[in-house]
Amino acid sequence: MGKSASKQFAEEVLQCHNEYRKKHQAPPLKLCSKLSREAARYAESLASTRILKHSVESSRGSCGENLAWASYDQTGHFTAMVWKSSKKLGVGKATASDGSSFVVARYFPAGNITNQGHFENNVLPPKTGS
């Protein structure tokens with residue numbers, strides 16, 4: 001994927017996230033070039049192995065992560081998208097040899113924390129009438 005195509009894809013993913021975040025009373029995310037570079041590198045790695053598994057960084061909790069593997073574009077886990085305390089988004093996309101796409105979305109600070117109270121404070125109900 002060329003630079004401008006990947007940038008455009010990242011902007012579209014950001015816009016989609018922020019539309020849902022607004023509905024769920026979470027502040028907008030900002031694209032982070034460092035997170036996007038890391039996400040793109042990991043997407044390439046997933047595309048080469050064609051095994052969908054979370055990264056070491058994600059497992060350690062240093063970032064949140066959504067992964068998708070499909071023959072069409074799609075968005076992953078919803079609660080990570082609208083997690084209120086996440087501020088930055090990184091997006092990476094790579095194509096495997098069979099033509100399928102791997103998409104990595106990384107979030108900082110990480111969301112989907114299961115400790116008591118975190119979910120209720122970060123995944124807010126949608127506003128009605130908007």
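Summarising the geometry, atom CD belonging to Gln116 is positioned 10.5 Å from atom CG belonging to Asn121; distances are rounded to the nearest 0.5 Å. Distance check, rounded to the nearest 0.5 Å: OG of Ser45 to NZ of Lys53 gives 7.5 Å. In this structure, the separation between NE2 on His54 and CG on Leu46 is 10.0 Å, given to the nearest 0.5 Å. Atoms SG and CZ, from Cys32 and Arg37 in turn, are 8.0 Å apart once rounded to the nearest 0.5 Å. Summarising the geometry, atom OG1 belonging to Thr79 is positioned 7.5 Å from atom CG belonging to Asn66; distances are rounded to the nearest 0.5 Å. With rounding to the nearest 0.5 angstrom, the OG atom of Ser36 is 11.5 Å from the NZ atom of Lys88.
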- Task: Please assess Met81 against Tyr107 for the test side chain to side chain contact (heavy atoms under 4.5 Å, CB included), listing each intermediate value before the final yes or no.
- Result: CA-CA 8 Å; Met81 290 176 65; Tyr107 308 89; 4.0 Å; yes
- Lys34 and Glu38: salt bridge (Lys or Arg N to Asp or Glu O under 4.0 Å), yes or no, with the steps? CA-CA 6 Å; Lys34 180 177 181 279; Glu38 292 166 359; 3.0 Å; yes
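Grouping the Ile, Leu, Val, Met, Phe, Trp and Tyr side chains by contacts below 4.5 angstrom, directly or via other members, places Leu52 with Val104. Under the 4.5 Å side-chain heavy-atom criterion for Ile, Leu, Val, Met, Phe, Trp and Tyr, Leu124 and Val82 are members of distinct hydrophobic clusters.
Taking the six-membered ring for Trp and thresholds of 30 and 60 degrees, Phe78 and His24 have ring planes more than 60 degrees apart, a perpendicular arrangement.
With sequence neighbours excluded, the residues satisfying side-chain hydrogen bond (donor to acceptor under 3.5 Å, both in side chains) with Asp98 are Arg50, Ser100. Annotation: side chain to side chain contact (heavy atoms under 4.5 Å, CB included) contacts of Asn122 (sequence neighbours excluded): Trp83, Lys84, Ser85, His118.
The minimum heavy-atom distance linking Val91 with Ala39 is given by the pair C-CB, 3.8 Å. Closest non-hydrogen pair, Ala96 versus Ala47, comes out as CB-O, 3.6 Å. What you find for Ser86 and Leu29 is that their closest heavy atoms are O-CD2, 3.3 Å. Between Pro125 and Gln25, the shortest heavy-atom distance links the atoms O-NE2, 2.7 Å.
For the pair Tyr42 and Glu65, the minimum side-chain heavy-atom distance is below 4.5 Å.
Salt bridge Glu11/Lys7: present, at least one basic N to carboxylate O contact under 4.0 Å.
Other members of the hydrophobic cluster containing Leu35, listed by chain and number, are Phe108; membership follows side-chain contacts under 4.5 Å among ILVMFWY residues, whether direct or relayed.
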